[in-house]
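Encoded as structure tokens, the structure appears first; notes follow it.
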Amino acid sequence: MFLSPESLLQLLQRFIKNSIQIKQIHSLLIISGNLLPNPNPNTNSSTFKWIPTLLYNTLIRAYLNIHLPHTTLLLFTHMLSHNIPPNPHTFPSLTKATVAAYTTPSLIAKPLYTQALKRGVLSDPFVQTSFIHLYAKSNCLSYAQKVFDEMPEPCLVSCNAMLDGFCKNGDMDSAVSFFESMPVRDVYSWTTIINGYNKRGCYDTAIRFFQRCLRDCSVKANEATFVSVLSACVHSVTFGKQIHGYIIKNEDQVTPFIGTSLIYLYGKTGHLDYATKVFESMLKKETCTWNAMICALSSHGKDKQALEMFDKMKIEGYHPNEVTFVGILAACSNCNLIDLGLELFDSMLPQFGVVPKMEHYGCVVDLLGRSGFLAEAKDFISRMPFEADASVLGALLGACKLHGDIDLGNEVAKRLLEVDPQQCGQYIVLSSIYADVENWGHAAFLRNVMVGVGVHKPPGYSVVNSM
DNA sequence: TTAGGGTTAG
């Protein structure tokens with residue numbers, strides 16, 4: 001069966017979000033030689049000449065859609081090595097893939113920008129906005145600003161990307177003056193500034209911007225706006241309830257994200273009854289909705305119910321993710337369900353495809369340590385596939401304090417000193433271990449070490465309460 | 001050429 005490049009392209013566009021089909025079409029494209037430059041330049045019509053670029057761009061976007069950003073970037077290197085010229089449409093997918101694939105995207109951002117410069121596509125507003133976004137995510141705010149300043153007439157989308165850049169880098173002074181100077185604002189602008197203040201912990205300011213947003217008749221708050229403002233309401237649940245009322249009155253339905261935010265809000269503010277009501281009334285749920293409910297139950301001491309919720313979510317066909325496991329491992333820890341906790345931890349990767357991260361290891365150390373299995377916890381840490389950080393060591397140190405194991409506590413403390421000398425709280429826990437057994441000399445010594453490395457006990461911090 | 005840019009859950 002012969003499939004023309006045009007028909008393969010159509011197939012790809014049709015199945016651009018379907019993992020299996022994308023890989024099958026990719027194979028067909030490789031076998032048919034369509035990802036290579038046209039061997040006969042005489043047949044190059046203007047349309048045909050662009051087909052390999054179009055195919056690569058579509059394939060690059062397809063792999064991004066199915067959450068394989070490394071493959072997207074790899075395809076770009078194939079594209080270059082086969083001398084298929086990228087065009088302005090190529091780069092936005094690449095910048096997105098870079099953000100998705102790397103925790104420090106700056107390593108890729110600069111060479112990618114050089115490629116865009118070399119290909120002469122940097123005057124395209126889509127490409128410019130993409131790089132503003134990428135540089136902002138790479139902690140290269142000055143580069144983002146430079147790209148923005150080079151735009152002769154920045155559009156609203158570019159302004160929003162720049163605004164988000166200021167917010168993401170914590171520069172709220174620049175963000176707010178930029179926001180106030182914008183000639184036009186849309187729901188993205190408002191949500192971005194609200195979220196920016198939120199992330200800095202300036203919840204009251206975030207709420208004030210939301211109120212201003214509601215007064216702006218040209219803008220209608222959307223799901224993202226509500227999600228942002230609801231997380232600002234942890235200190236003013238009354239306002240959160242008002243927003244909840246506003247949502248019920250003005251929105252067609254409580255979406256999975258809005259519902260999740262409401263459950264977290266009510267869970268964090270001690271309104272488990274409201275959280276449950278929201279959860280039960282939601283027509284459409286997501287994994288995150290179940291996570292929120294599991295956390296809400298667990299934080300109210302209803303760990304057994306949280307674990308039942310985990311079973312229920314599986315029965316209803318939801319796929320647990322890494323957040324789910326943090327919640328249920330913590331619930332096991334609270335109930336001293338060691339066997340179940342270890343069994344769940346062991347099932348993460350083989351059964352659910354969730355790779356255990358630092359926080360999951362921390363949960364297991366807490367689980368073992370709290371019940372007095374200190375040697376097992378220590379052994380568990382030694383078998384970790386990466387170096388334990390201060391949170392994991394801190395969990396073990398807390399357990400040493402709980403069970404009065406000074407020798408192990410001392411050993412862990414030494415490692416903590418190496419890993420994170422600025423972790424003030426951990427030193428305080430440590431010094432309280434010695435204080436508990438009236439080993440005041442050691443306690444005094446450690447306090448001196450803290451002062452030596454510039455760590456100060458925060459005023460009003462109580463060792464007893466911290467435990 | 002018609003594939004591409006900005007906001008949201010722990």
Side-chain angles (χ1 to χ4, degrees), chain A residues 6 9-10 12-13 16 45-62 64-65 72 85-97 99 116 121 124-134 136-137 144 147-148 151 154-165 167-168 182 185-196 198-199 213 219 221-232 255-265 267-268 285-296 298-299 321-327 330 357 359:
Chain A
E6 289 89 344
L9 179 65
Q10 277 176 8
L12 197 53
Q13 285 165 354
I16 198 153
S45 72
S46 62
T47 310
F48 190 79
K49 204 174 86 181
W50 277 104
I51 281 194
T53 297
L54 188 49
L55 280 170
Y56 266 105
N57 287 352
T58 313
L59 209 47
I60 277 172
R61 167 59 50 162
L64 185 63
N65 282 341
T72 283
N87 69 5
H89 287 267
T90 319
F91 286 89
S93 304
L94 299 174
T95 56
K96 271 195 169 172
V99 169
V121 299
D124 183 291
F126 283 65
V127 176
Q128 289 165 319
T129 307
S130 296
F131 276 103
I132 292 170
H133 181 67
L134 174 59
K137 288 265 188 182
V147 177
F148 181 81
M151 295 181 80
C155 61
L156 181 56
V157 179
S158 312
C159 288
N160 286 338
M162 193 62 234
L163 176 67
D164 188 51
C167 292
K168 288 269 174 356
M182 282 169 68
R185 299 175 197 113
D186 67 0
V187 69
Y188 283 87
S189 330
W190 285 100
T191 305
T192 301
I193 195 88
I194 291 166
N195 202 42
N198 234 358
K199 288 281 173 331
C213 171
V219 173
N222 66 13
E223 184 187 53
T225 326
F226 290 123
V227 168
S228 279
V229 74
L230 284 170
S231 64
T255 65
F257 267 23
I258 292 177
T260 302
S261 303
L262 285 166
I263 296 166
Y264 273 119
L265 172 68
K268 282 179 196 162
K285 298 183 179 86
E286 293 281 347
T287 293
C288 60
T289 319
W290 292 85
N291 294 346
M293 202 57 228
I294 288 170
C295 287
S298 184
S299 64
N321 63 17
E322 56 183 61
V323 182
T324 321
F325 282 99
V326 173
K357 287 190 171 168
E359 53 228 293

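FYI, side chains are in, hydrogens and waters are out, and symmetry mates aren't considered; it's all heavy atoms of this structure. Chain letters run A, B, ... following the sequence lines, proteins first, then strands; residues in each count from 1.
One finds a side-chain N or O of A:Lys168 lying less than 4.0 angstrom from the OP1 or OP2 phosphate oxygen of B:dT8. Between A:Lys96 and B:dG4, a side-chain N or O to OP1/OP2 separation shorter than 4.0 Å is absent. Distances shown here put a side-chain N or O of A:Asn195 below 4.0 Å from the OP1 or OP2 atom of B:dT8. Here A:Lys199 reaches the OP1 or OP2 of B:dA9: one of its side-chain N or O atoms lies under 4.0 Å away. At least one side-chain nitrogen or oxygen of A:Arg61 sits closer than 4.0 Å to the OP1 or OP2 atom of B:dG5.
Remark: the A:Thr95 side chain and the B:dG5 base include no donor-acceptor N/O pair separated by less than 3.5 Å.
Using a 4.0 Å heavy-atom cutoff across all strands shown, A:Cys295 reaches no nucleic acid atom at all. Among the atoms of the strands shown, base atoms are found under 4.0 Å from some heavy atom of A:Phe257. Heavy atoms of A:Glu322 sit under 4.0 angstrom from at least one base atom. Using a 4.0 Å heavy-atom criterion, one finds that A:Pro256 contacts no nucleic acid atom at all.
In this structure, A:Tyr188 forms no aromatic stack with the base of B:dT7, since the conditions of centre separation below 5.5 Å and plane angle below 30° are not both met.
Side-chain contact between A:Asn195 and A:Thr192: absent, with no pair of heavy atoms (C-beta onward) separated by less than 4.5 Å.
With sequence neighbours excluded, no residue satisfies salt bridge (Lys or Arg N to Asp or Glu O under 4.0 Å) with A:Lys199. Residues satisfying the side chain to side chain donor-acceptor pair (under 3.5 Å) test with A:Tyr264, not counting sequence neighbours, are none.
Looking at A:Ser231 and A:Asn198, their side chains do bring a donor and an acceptor atom within 3.5 Å of each other.
Proximity note for A:Asn87 (side chain, C-beta onward) versus B:dG5, B:dT7, B:dA3: the nearest is B:dA3.
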